Asker: 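First the structure, then my questions, so here it is.
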2 protein chains.
Amino acid sequence: MVKTIEWNAHGVRLIDQTILPQQKIFVECKTYKDMAEAISRMQIRGAPAIGIAGAFGVALGARQIQAGDFDDFYRQLDVVCRELNATRPTAVNLSWATDKMRKIALDNKHLPLQQLKDLLEAKAKEVLAEDIAANRRMGAYGCQFIKDGDTILTHCNAGALATGGYGTALGVIRVAHEEGKKIQVYADETRPFMQGTRLTAWELMEDGIPVTLNTDSMAGYLMSLGKINLVIVGADRIAGNGDTANKIGTYSVAILAKEHGIPFYVAAPLSTIDFKIRSGQQIEIEARSEKEVTHVGNTLLAPAGVKVFNPAFDVTPNKYITAIITDKGVAKPPYVENLAKLRD
Amino acid sequence: MVKTIEWNAHGVRLIDQTILPQQKIFVECKTYKDMAEAISRMQIRGAPAIGIAGAFGVALGARQIQAGDFDDFYRQLDVVCRELNATRPTAVNLSWATDKMRKIALDNKHLPLQQLKDLLEAKAKEVLAEDIAANRRMGAYGCQFIKDGDTILTHCNAGALATGGYGTALGVIRVAHEEGKKIQVYADETRPFMQGTRLTAWELMEDGIPVTLNTDSMAGYLMSLGKINLVIVGADRIAGNGDTANKIGTYSVAILAKEHGIPFYVAAPLSTIDFKIRSGQQIEIEARSEKEVTHVGNTLLAPAGVKVFNPAFDVTPNKYITAIITDKGVAKPPYVENLAKLRD
């Protein structure tokens, strides 16, 4: 299995996902600013993975802090957390992870600072280990929806590379495959950043799971041909009512699935659910660089100076979602009640 | 206005659309095989434009023929027509144009061969002139559907570059703009061949019509934000019942428009309607090279050896189409009756 991110003797090592699949190159993050840059540049991406990266970033930042007492330490840690949160505003996992680390610091303010720094590092490693365990539980809950012989469409990369190393949507698919179900996957290429082409196709091929690549524009046609039995995607943030922010294009796929009577599943750890917000309309949508749309690599494809629309995510209203698969169980509509039940 | 294709002293000159918008380079076709290659490589593309290219190709082929009598000439002309038809199997305009040229030859078999060759050249030029006139008529019929202040989504390039020089879908938009309506266009980039990015954005910017580029995956989200008032696309082949084959992804856009209550128009000359076929299920869908999906230019983005699905077109069933705008008037449902009325 791919080691998306790990703590080593020098700091944190992560696979540079902007270079896959042509080269497998690692980025070494020695400081929290290195980590903030890696997240911002999408060298690591995927909601759960950037949650882990956020926790590791806080642990790295804690190591860098020179402070005389806890209050001074915490004031500096707060700057670290805020800077990390600002790198990708849509993913709730980042603030979930930095909040968790902040709370650990506050709960252990009595410790000598060096011991507190060690504790934060240990807790960040736990976030990673727990993510992998959670993905496996999610896969176990979700694989009931996959039958032998099914063909599954997915969008973006909600796989090992988007998580600590197993995957949310692809984790469900992996469990079905491990159970011996003969399944196939169609991967939306996922413009503009091509996570489907570069990451999903690559990691499924590494695992020997049959995968076919298609442009995002082909999803409807594939469904009309009867080639798709179900859709599974991940999530970047889910509102308390089940409305789901995920990679741009997910909303279109959900509508296409509904029109063809195909079930549409979201797989995400419970930490992706932001119970503080009641609907998807409250989710801030990150706008990214125009260059992602106009260029491939450094090659300009569009006319110079063209205006561009490049939101990183869209929100799929709960009415299009057949079920939300979490690490604590499966929620079906009505989501306000049933997601709260999983939490409590 | 762009000169997409023209006859000159050396043969036929056309803009190489695979290189736009970075460079404006022309291809000179001296033989029908040059033309077949230009069509096949999509240096010229768009259903009406390849109809014109087909007629010009037949005229070039006729010039090359060494024959003793009409029967010998016609036998060779038939080879030329078949070879041109085979370059892009979905577009009906190619066989429409080559059939038309064939019929002109048969109707004028009494002429000396040199005169017959001159006549075929003159008739091919008429096809071009008539296309431009037809697009202007179509624009006049279609612009009733565009109100001042509207924002229009289009897919692929159904513009000057897809036609003799004015456009079908973009022709309707051009007429609205010429009438002084303040309109804006969102252009789907149109993966995998990027006609929206490279061609639609470019030709609208050339004409000073406000255009914003978006990936195909953003169309649904744009609609959900209330940014789109109507959709207009072109067509590669329309069945007698109105089912419309157009660039891959059109079907998805049509479903998204329906879900958001947005009207969806097809603009195409009556020659695009293939009355010989009764429904879209009879339309052959061209499969194109995997490289269009896996590579950008010569750069491989996908993992080596990945399986790819790359149909060039899809079929939008008539139930998703608000109206079909032709050069002979506008047809609304029921299409079987109302398209036949336009023809007769």
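All of these numbers come straight from a predicted model, not from anything done at the bench. In what follows, every chain begins at residue 1, and chains take the letters A, B, ... in the order their sequences are listed.
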Asker: Once you round to the nearest 0.5 Å, how far does CG of B/L213 lie from CG of A/N310?
Answerer: 9.5 Å
Asker: If you tally heavy-atom pairs under 4.5 Å against chain A, which of B/V306, B/L20, B/V315 wins?
Answerer: B/V306
Asker: Enumerate by number any residue of residues 298-305 of chain A whose heavy atoms lie under 4.5 Å from heavy atoms of chain B; in the absence of such residues, state 'none'.
Answerer: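 The list, in residue order, reads A/L300, A/L301, A/A302, A/P303, A/A304, A/G305.
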Asker: Which residue out of A/T190, A/D216, A/T197 racks up the most heavy-atom pairs below 4.5 Å with chain B?
Answerer: A/T197
Asker: Let me know if A/P210 has heavy atoms under 4.5 Å from chain B in its side chain, its backbone, both or neither.
Answerer: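 Neither; nothing under 4.5 Å.
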Asker: For atom NZ of B/K291, is the number of surrounding heavy atoms from other residues, nucleotides or ligands below 6.0 Å larger than 12?
Answerer: yes
Asker: Are side-chain heavy atoms of A/M218 and B/Y251 found at a separation under 4.5 Å?
Answerer: no
Asker: So, taking the atom named OG in A/S224 and the one named CD in B/Q281, what distance separates them when rounded to the nearest 0.5 Å?
Answerer: 9.5 Å
Asker: For residues 220-239 of chain A, which residue pairs qualify under salt bridge (Lys or Arg N to Asp or Glu O under 4.0 Å), counting only residues two or more places apart or in two chains?
Answerer: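 For residues 220-239 of chain A: A/R237-A/D274.
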Asker: Which atoms form the tightest heavy-atom contact between A/I255 and B/H260, and what is the distance?
Answerer: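 Heavy-atom minimum between the residues: CD1-CE1, 3.6 Å.
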Asker: Nearest 0.5 Å, what's the OG-NE2 distance between A/S217 and B/H155?
Answerer: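 One gets 5.5 Å once the value is rounded to the nearest 0.5 Å.
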Asker: Which region of A/M205, side chain (C-beta onward) or backbone (N, CA, C, O), has a non-hydrogen atom less than 4.5 Å from a non-hydrogen atom of chain B, or is it both or neither?
Answerer: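 Just the side chain, heavy atoms under 4.5 Å.
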Asker: Measuring only between side-chain heavy atoms, which start at C-beta, is B/R191 closer than 4.5 Å to A/P192?
Answerer: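 They are not in side-chain contact.
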Asker: Tell me, for A/L199 versus chain B, whether the close heavy atoms (under 4.5 Å) come from the side chain, the backbone, both or neither.
Answerer: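 A/L199 has no heavy atom closer than 4.5 Å to chain B.
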Asker: Report the distance from atom CG of A/N214 to atom NZ of B/K307, rounding to the nearest 0.5 Å.
Answerer: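 One finds 11.5 Å between CG of A/N214 and NZ of B/K307.
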Asker: With chain B as the partner, which of A/T294, A/D188, A/L222 has the greatest number of non-hydrogen pairs under 4.5 Å?
Answerer: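 The answer is A/L222.
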Asker: Counting only non-hydrogen atoms closer than 4.5 Å, does A/E206 touch chain B with its backbone (N, CA, C, O), its side chain (CB onward), both, or neither?
Answerer: neither
Asker: Select one option (side chain, backbone, both, neither) describing which atoms of A/Y186 are under 4.5 Å from chain B's heavy atoms.
Answerer: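 For A/Y186, the contact with chain B is made by the side chain alone.
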Asker: Identify the residue among B/V308, B/V293, B/T215 that makes a side-chain contact (heavy atoms from CB on, under 4.5 Å) with A/T215.
Answerer: B/V293
Asker: Any residues in residues 240-250 of chain B near chain A, with a heavy-atom distance under 4.5 Å, and which are they?
Answerer: B/I248, B/G249
Asker: Only counting residues at least two apart or in another chain, list the ones meeting ring pair (Phe, Tyr, Trp, His ring centres under 6.0 Å) with A/F309.
Answerer: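 With sequence neighbours excluded, A/F309 shows a ring pair (Phe, Tyr, Trp, His ring centres under 6.0 Å) to no residue whatsoever.
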Asker: Would you call A/I285 and B/Y221 a side-chain contact if the rule is heavy atoms closer than 4.5 Å?
Answerer: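 Of all side-chain heavy-atom pairs linking B/Y221 with A/I285, at least one is under 4.5 Å.
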